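Before any comments, here is the structure.
Throughout, numbering of the chain's residues begins at 1 and tracks the sequence. Only heavy atoms go into these numbers, but all of them, side chains included; no hydrogens, no water, no symmetry mates. Predicted, not measured: the structure shown is a model, and the values here were computed from it.
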Amino acid sequence: MMSFFIVWYSIGNHIQKYIFMSDLYKYRYTRIGTTGCIPTHKIFINTQDNKIAKFVFADDTFIYGVVSDWFLRNSDFDTRRPIWSEESPSFIENEKRLLEIYKASHPLFKTEINTN
């Protein structure tokens, strides 16, 4: 889901209006990867539709997903950092390595580059 925001600015006597689409997500939880599951990722919930989520991986790529009601009710116990760069360097490097292994063994698993 995308939301829009409007920016107004003026050049001389002309007022211009631009409409931008922006993802609005709020950090919710870090899901530690386990054997057979996708690698560790940080889950950001869409502020407009709390079932839509962005899963951000250690290499700062992401996929979109849907989260369950159970997850929303039971994910308030997180103690990790919301931004990958705030995690310890050794943790990040290990998670990047595990993500590369996962991607190599699951060629259909594709992530997008995170620009936010």
Distance alone, cut at 3.5 Å: any donor-acceptor contact between the side chains of Lys42 and Thr30? yes
Non-hydrogen side-chain atoms of [X] and [Y] separated by less than 4.5 Å:
X     : Y     : result
Gln48 : Leu24 : yes
Tyr25 : Thr47 : no
Ile45 : Leu72 : yes
Val67 : Phe55 : yes

Is the ring pair [X]/[Y] parallel, tilted or perpendicular, if the boundaries are 30 and 60 degrees?
X      : Y      : result
Phe109 : Phe57  : perpendicular
Phe71  : Tyr29  : perpendicular
His106 : Tyr102 : parallel

With clusters defined by side-chain heavy atoms of hydrophobic residues (ILVMFWY) lying less than 4.5 Å apart, directly or transitively, does Val56 cluster with Ile32?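 Linked within one cluster.
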Is there a path from Tyr64 to Val66 through hydrophobic residues (I, L, V, M, F, W, Y) whose side chains come within less than 4.5 Å of each other? yes
May I have the step-by-step check of side chain to side chain contact (heavy atoms under 4.5 Å, CB included) for Ser68 and Lys51, ending in yes or no? CA-CA 7 Å; Ser68 68; Lys51 299 264 182 173; over 6 Å; no
Lys103 and Asp59 ion-paired at < 4.0 Å: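 Yes, charged N to carboxylate O under 4.0 Å.
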Is it true that Lys54 and Glu112 make a salt bridge, defined as a side-chain N closer than 4.0 Å to a carboxylate O? no
Atom [atom1] of [X] and atom [atom2] of [Y]: how far apart are they, to the nearest 0.5 Å?
X      : Y     : atom1 : atom2 : answer
Ile92  : Arg81 : CD1   : CZ    : 11.5 Å
Ile38  : Leu98 : CD1   : CG    : 13.0 Å
Thr111 : Leu99 : OG1   : CG    : 6.5 Å

If I compare all heavy atoms of Ala53 with all of Ile43, which pair ends up nearest, and what's the gap? CB-CG2, 4.0 Å
Would you name the heavy atoms of Ala58 and Glu95 that are closest together and state the gap between them? CB-CB, 3.6 Å
Between Trp84 (side chain) and His41 (backbone), is there a donor-acceptor pair under 3.5 Å?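 Side chain of Trp84 to backbone of His41, a donor-acceptor pair under 3.5 Å: no, none is there.
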Okay, side chain of Asn94, backbone of Ser90: is any donor-acceptor separation there less than 3.5 Å? no
Measure centre to centre between the rings of Phe44 and Tyr27, then say whether the value is under 6.0 Å. yes
Is it the case that Arg80 places NZ or CZ above or below the six-membered ring of Phe91, under 6.0 angstrom from the centre and within 45 degrees of the axis?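 Checked: cation-pi criterion met.
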